[in-house]
Amino acid sequence: ETTVTQSPASLSMAVGEKVSISCKTSTDIDDDMSWYQQKSGEVPKLLISEGNTLRPGVPSRFSSSGYGTDFVFTINNVLLGDEGIYYCQQSDNVPFTFGSGTKLEIK
Amino acid sequence: EVQLVESGGGLVKPGSSLTLSCVASGFTFSSYGMHWIRQAPKKGLEWIALIYYDSSNKYYADSVKGRFTISRDNSKNTLYLEMNSLRSEDTAMYYCAKSGLGTWYFDFWGPGTMVTVSS
């Protein structure tokens, strides 16, 4: 089983700042990492899929990078509406595993 | 527009059974792998089961293997999760989710159905 270690657990940022979230996997997963946003009381939403591919309709402020075992999710110029919990997920092998989540608060 | 709508959740006692359903629309259901994912209250996301587009393969998380069964009826555009021997730790919101074509990320999610296991 591939373990996904996500950090930090929480972030408090001001509007306009840059957010960086890390996910590290216990096995090499190529670029089979995706990123989700879950706002309070809502269903998770896919932001970035495998291969660091921005999903249709997702602002270009969101991006990701990484290959192998180290991955980074970035939000440039963070907005108040970006508050929520962000999860990474590996899709290389079953069981598909999620990171533990990063709670983003906007000050 | 892709839509996934789960149903069948509720309050049940430990050891009992429950079957969840997910009705899909807005895409060719029979072409996509489908998943069940759950989220315990105030906790993170846990993938629990995958079924291939043609039911040829099924995979489960260890936490539910042997107790839960995923299935689908492509003629009814419906995904199922049969849950047996339910435990308090199965209490969660259960989401059905669609795979990307030929991939295993989750590009659309239903609103979820809540399962509470309590005596």
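By convention in this document, chain letters (A, B, ...) are assigned in the order of the sequence lines, proteins followed by strands, and residues within each chain are numbered from 1.
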>> With heavy-atom distances below 4.5 Å as the criterion, would you say the side chains of B/Trp104 and A/Asn93 are in contact?
In response: no
>> Could you tell me if the side chain of A/Thr97 sits less than 4.5 Å from the side chain of B/Trp47, heavy atoms only?
In response: no
>> Rounded at 0.5 Å granularity, tell me how far OH in A/Tyr36 sits from CG in B/Leu45.
In response: 9.0 Å
>> Return the CG to NZ distance between A/Leu46 and B/Lys98, rounded to the nearest 0.5 Å.
In response: 10.0 Å
> Is it the backbone or the side chain of A/Gln89 that comes under 4.5 Å from a heavy atom of chain B, or both, or neither?
Replying inline: side chain
> Most heavy-atom pairs under 4.5 angstrom with chain B, which of A/Glu50, A/Gln90, A/Glu42?
Replying inline: A/Glu50
>> Quick check: do A/Ser34 and B/Phe106 have side-chain heavy atoms less than 4.5 Å from each other?
In response: no
> Under a 4.5 Å cut-off applied to non-hydrogen side-chain atoms, are A/Phe96 and B/Tyr105 in contact?
Replying inline: no
> Where does B/Glu46 contact chain A at under 4.5 Å (heavy atoms): side chain, backbone, both or neither?
Replying inline: backbone
> Distance from A/Ser100 atom OG to B/Lys43 atom NZ, nearest 0.5 Å?
Replying inline: 11.0 Å
> Hey, quick one: are B/Leu20 and B/Val117 part of the same hydrophobic cluster, counting side-chain heavy atoms closer than 4.5 Å, chains of contacts allowed?
Replying inline: yes
>> Do B/Thr103 and A/Ser49 have side chains that approach each other closer than 4.5 Å (heavy atoms only, starting at C-beta)?
In response: no
> Is chain A contacted by the side chain of B/Leu50, its backbone, both, or neither, given a heavy-atom distance below 4.5 Å?
Replying inline: side chain
> Is chain B contacted by the side chain of A/Gln38, its backbone, both, or neither, given a heavy-atom distance below 4.5 Å?
Replying inline: side chain
